Number of protein chains: 2
Amino acid sequence: MPQTMTSADLRIRNQVRLLRAVHDAAEPFTRAEAARLLGIGRNTAAALVGELEQARLLHEIPAETSGRGRPTTLLVPHPEGPLAFAVDFREDTWTLAAVELGGAITELETGEHDRTPNAFAEIRTAVARHETPRLAVLGFATSGPIRDGHRLHISHLGWDEVELDELIGPDWPRTVIDNDARLAGLAEARRGALRGMGTALHFHIDFDIGGTLLLAGDAQRGGHNTAGEFGHMPLSGSPLQCMCGVQGCWSLDVGANALIRRFGETPGYGAGRELAQEVVRRAEAGESEAGSALDDNAAALGKGLGALANALDPEAISLSGLGVDLIRMRREVIETHCARALMEFRRNEPPTITAGRLGEAGPLRGAAEVAWDAILNADWVKARLASRR
Amino acid sequence: MPQTMTSADLRIRNQVRLLRAVHDAAEPFTRAEAARLLGIGRNTAAALVGELEQARLLHEIPAETSGRGRPTTLLVPHPEGPLAFAVDFREDTWTLAAVELGGAITELETGEHDRTPNAFAEIRTAVARHETPRLAVLGFATSGPIRDGHRLHISHLGWDEVELDELIGPDWPRTVIDNDARLAGLAEARRGALRGMGTALHFHIDFDIGGTLLLAGDAQRGGHNTAGEFGHMPLSGSPLQCMCGVQGCWSLDVGANALIRRFGETPGYGAGRELAQEVVRRAEAGESEAGSALDDNAAALGKGLGALANALDPEAISLSGLGVDLIRMRREVIETHCARALMEFRRNEPPTITAGRLGEAGPLRGAAEVAWDAILNADWVKARLASRR
DNA sequence: CAGTTATGTTCTTGGTACGAACATAACAAG
DNA sequence: CTTGTTATGTTCGTACCAAGAACATAACTG
């Protein structure tokens with residue numbers, strides 16, 4: 001509500017703040033705590049909550065009493081309240097889940113797909129199978145950049161700027177779509193390792209590196225919605241040509257493709273991920289060639305992270321995908337090379353480098369976040385309150 | 001005002017929005033236009049403006065009548081309203097200026113300094129010479145990172161993490177300090193080449209490269225206030241060791257130091273800037289060795305810009321310092337190498353690369369912006385309204 | 001069992017923006 | 001020169017909001 005603001009909008013605004021607080025909180029809180037949190041009176045809080053309860057957005061349940069004072073109620077999502085559906089669309093499979101206010105997630109269905117845009121229709125059917133009047137919004141995580149918000153490019157499926165407006169038609173629920181690496185980062189920023197950070201970075205390391213800059217819990221999208229291709233900066237000095245059309249990309253030295261290339265296989269997609277996992281297993285088993293491949297990967301990763309830290313000064317950096325393995329097995333290599341790439345004056349407070357806390361669920365959780373973001377605003381809440389009185 | 005919000009705060013909020021609009025507008029606007037802009041009624045606008053006039057924050061002057069309708073007034077800064085002072089602190093000199101709401105700037109004094117922290121005391125004296133009750137806040141642009149907002153490091157003056165809290169004491173006016181490259185970028189984003197951009201980058205090219213990421217008109221500061229050291233990423237493949245302690249920095253190939261090194265001089269500070277300017281002049285005169293040095297500089301610049309564009313997806317990039325010369329004389333080289341470093345799928349909409357519009361005044365104008373930012377908020381305006389009724 | 005404490009509830013109050021109706025000062029057309 | 005048109009200013013009554021004070025309530029404590 002950056003624009004007009006009447007006293008009636010004030011109420012809505014506080015209700016949105018309250019819903020947002022409930023959604024973002026790590027633990028449920030009581031109505032009295034909510035009043036303190038928002039800086040409003042107990043009487044006002046009661047009025048806000050009352051209306052939200054009527055609109056089936058919040059529900060009050062008796063809080064287990066602790067200490068003195070009149071017992072109060074815990075604010076929880078309404079059992080008949082709106083749901084966000086979240087879809088994680090991967091190379092061969094998809095997952096559909098329902099997410100309540102507050103982030104509680106229930107997996108609804110998973111399926112395989114044929115790697116063609118038909119998959120979207122299948123997913124729409126799956127959504128229909130689980131559709132309920134409670135469904136309010138759908139978040140969709142895919143891979144590859146979505147230019148200008150509607151042209152989807154997934155190179156490993158051979159999708160060349162597929163027009164999303166044709167795949168996601170008017171029969172779809174309200175839908176928000178974004179790419180997996182960005183959404184995984186967003187999820188870490190909201191509910192994972194990057195929670196509470198003002199400036200942070202997240203990288204998902206798969207075949208190559210995708211990532212996102214997170215500022216105050218929001219993922220940055222760039223001018224054409226294609227921000228985040230950190231893997232395509234020449235940060236580790238590779239002499240090779242990248243499939244993206246540029247020479248020397250960081251992704252040539254970090255990720256599954258780099259591991260595979262080391263063992264004489266042609267980088268690409270498909271079975272490459274399993275090959276990379278095998279390299280990790282062998283390295284864990286102590287095989288020296290595999291270990292040294294991991295060393296190189298970790299060194300290049302660290303070097304790039306240090307360079308990015310110079311420019312962007314993150315408080316913390318989280319990793320997902322292969323990054324989790326690298327940090328588990330080669331933390332020291334990463335940190336050493338990161339420090340070496342950091343400007344000297346900042347080596348005494350390097351960014352924390354950590355594994356993401358949401359693991360494989362990152363993109364799905366991130367999709368849920370952007371879905372909820374799309375409705376946790378004055379306009380939607382206002383309409384909801386008006387329709388349910 | 002993210003926290004409490006009563007109906008009284010609503011008025012303040014709208015008044016801040018109005019002041020912000022006046023400050024940010026390219027051209028003055030009338031009271032009726034203001035009402036439309038803020039989405040409020042004419043009556044409300046009259047009330048807001050009336051109070052702001054009484055607080056000597058806004059002034060109404062008759063607008064030259066155009067077309068039909070009752071004549072209205074133009075909203076301009078109050079002639080006795082608050083002033084921000086802005087300081088640009090450079091290698092050997094400083095400039096002090098006064099800036100009104102809306103950005104109108106008056107230079108007050110310039111001076112030289114002895115390159116020691118004494119300079120701050122001299123500047124404080126100069127401020128005192130021009131001090132008026134109208135002075136509300138001081139913005140200060142310096143060079144070098146200011147860690148955690150209070151430890152200033154200026155390597156070319158040999159200042160190693162000077163404690164700002166000792167230099168800027170309680171006898172100073174309310175003071176906001178930041179580094180020149182970041183402030184120059186902010187100024188471009190607010191009043192220059194990057195105006196209105198959601199995502200943009202600015203780079204100041206001097207001995208090396210400093211810059212800032214600008215999102216929705218705000219410069220990003222990072223977790224320790226040291227974001228912006230883009231020059232210390234290995235973007236152009238230099239094999240050399242950088243003075244910052246890292247190998248391969250972009251700054252080794254772009255900027256005055258790179259030009260100087262090419263001609264056998266030791267990079268460093270002092271006379272280097274003039275040497276670099278001489279190289280530029282010689283190149284303009286057609287001297288081939290100088291021209292080729294410029295080519296290399298421009299190529300490395302373009303390459304780095306492309307890499308950064310992949311990651312951050314700016315709509316536009318502006319340059320200051322030596323960058324202005326490079327873009328004037330070698331635009332094509334920069335753009336060619338930028339395109340080459342861009343991922344293929346985005347080469348058809350590369351970021352606009354342009355010279356900054358504020359030239360040498362960038363840091364000063366940026367300092368004025370952060371100074372005004374510090375007071376154009378609910379708390380300050382509320383206090384001002386309360387004290388002047 | 002009485003006192004303490006934290007919270008819920010009720011009612012009054014000051015303040016806000018809005019809408020409608022009217023006033024005003026320019027221009028335009030005859 | 002007069003009358004209509006147009007955009008803006010002004011006044012007044014209305015709906016709404018959050019705050020504050022006073023009181024009620026339900027636990028715990030000693």
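All values derive from a computational prediction rather than experimental measurement. Atoms considered below: every heavy atom in the structure, side chains included; atoms not considered: hydrogens, waters and symmetry mates. Order of the sequence lines sets the chain letters (A, B, ...), proteins ahead of strands, with each chain counted from 1.
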(message) Quick test of your reading of the model: are Arg13(B) and Asp9(B) salt-bridged, counting only N-O distances below 4.0 Å?
(response) no

(request) Answer yes or no: does a side-chain N or O of Thr6(A) lie under 4.0 Å from OP1 or OP2 of dC17(D)? (result) no

(request) Write down the distance between CD1 (Ile12(A)) and C1' (dA18(D)), rounded to a whole number of angstrom. (result) 15 Å

(message) Please classify the nucleic acid contact of Arg11(A) as base, sugar-phosphate, or nothing, using heavy-atom distances under 4.0 Å.
(response) sugar-phosphate

(request) Please tell me which of Arg70(B) and Gly67(A) maps to the more 5' nucleotide of DNA chain D, matching each residue to the nucleotide holding its nearest heavy atom. (result) Arg70(B)

(message) Of the listed nucleotides (dT9(C), dC18(C), dT7(C)), which one gets closest to any side-chain atom of Ala46(A)?
(response) dT9(C)

(request) Look at the side chain of Arg36(B) and decide which nucleotide, out of dT8(D), dA18(D), dC16(D), has an atom nearest to it. (result) dT8(D)

(message) Output the rounded distance in Å from CG (Asp9(A)) to C1' (dA18(D)).
(response) 15 Å

(message) So, does Thr44(A) get its side chain near the phosphate of dA19(D), meaning an N or O under 4.0 Å from OP1 or OP2?
(response) yes

(request) In whole angstrom, give the distance that lies between atom NZ of Lys382(A) and atom P of dC17(D). (result) 11 Å

(request) Please report, rounded to the nearest Å, how far the P atom of dC16(D) is from the CZ atom of Arg13(A). (result) 20 Å

(request) Could you state the atom-to-atom distance from CG of Leu48(A) to P of dC17(D) in whole Å? (result) 9 Å

(message) Using a strict threshold of under 4.0 Å (side-chain N to carboxylate O), is an ion pair present between Arg365(A) and Glu188(A)?
(response) no

(message) Once rounded to the nearest 0.5 Å, what's the spacing between atom CZ of Arg174(A) and atom CZ of Phe85(A)?
(response) 16.0 Å

(message) Both Arg68(B) and Ala47(A) contact DNA chain D. Which one's nearest nucleotide lies toward the 5' end?
(response) Arg68(B)

(message) Output the rounded distance in Å from CG (Leu10(A)) to P (dA15(D)).
(response) 19 Å

(request) In whole angstrom, give the distance that lies between atom CD of Glu60(B) and atom C1' of dG9(D). (result) 10 Å

(message) From the set dA26(C), dT7(C), dA23(C), return the single nucleotide nearest to any side-chain atom of Pro71(B).
(response) dA26(C)

(message) Closer than 4.0 angstrom, basic N to acidic O: yes or no for Glu80(A) and Arg134(A)?
(response) no

(request) Can you figure out which of dC18(C), dA18(D), dA6(C) approaches the side chain of Ile40(B) most closely? (result) dC18(C)

(request) Between Ala32(A) and Ser7(A), just flag the one whose closest nucleotide in DNA chain C comes earlier from the 5' side. (result) Ala32(A)

(message) What is the separation between atom CZ on Arg42(B) and atom P on dA23(C), rounded to the nearest whole Å?
(response) 15 Å

(request) Look at Arg190(B) together with Asp373(B) and state whether they make a salt bridge at an N to O cut-off of under 4.0 Å. (result) yes

(request) Decide yes or no, distance alone: a donor-acceptor N/O pair under 3.5 angstrom between the base of dG19(C) and the side-chain of Asn43(B). (result) yes

(message) I want to verify a distance call: between dG15(C), dT8(D), dG8(C), whose nearest atom is closest to the Arg31(A) side chain?
(response) dG8(C)

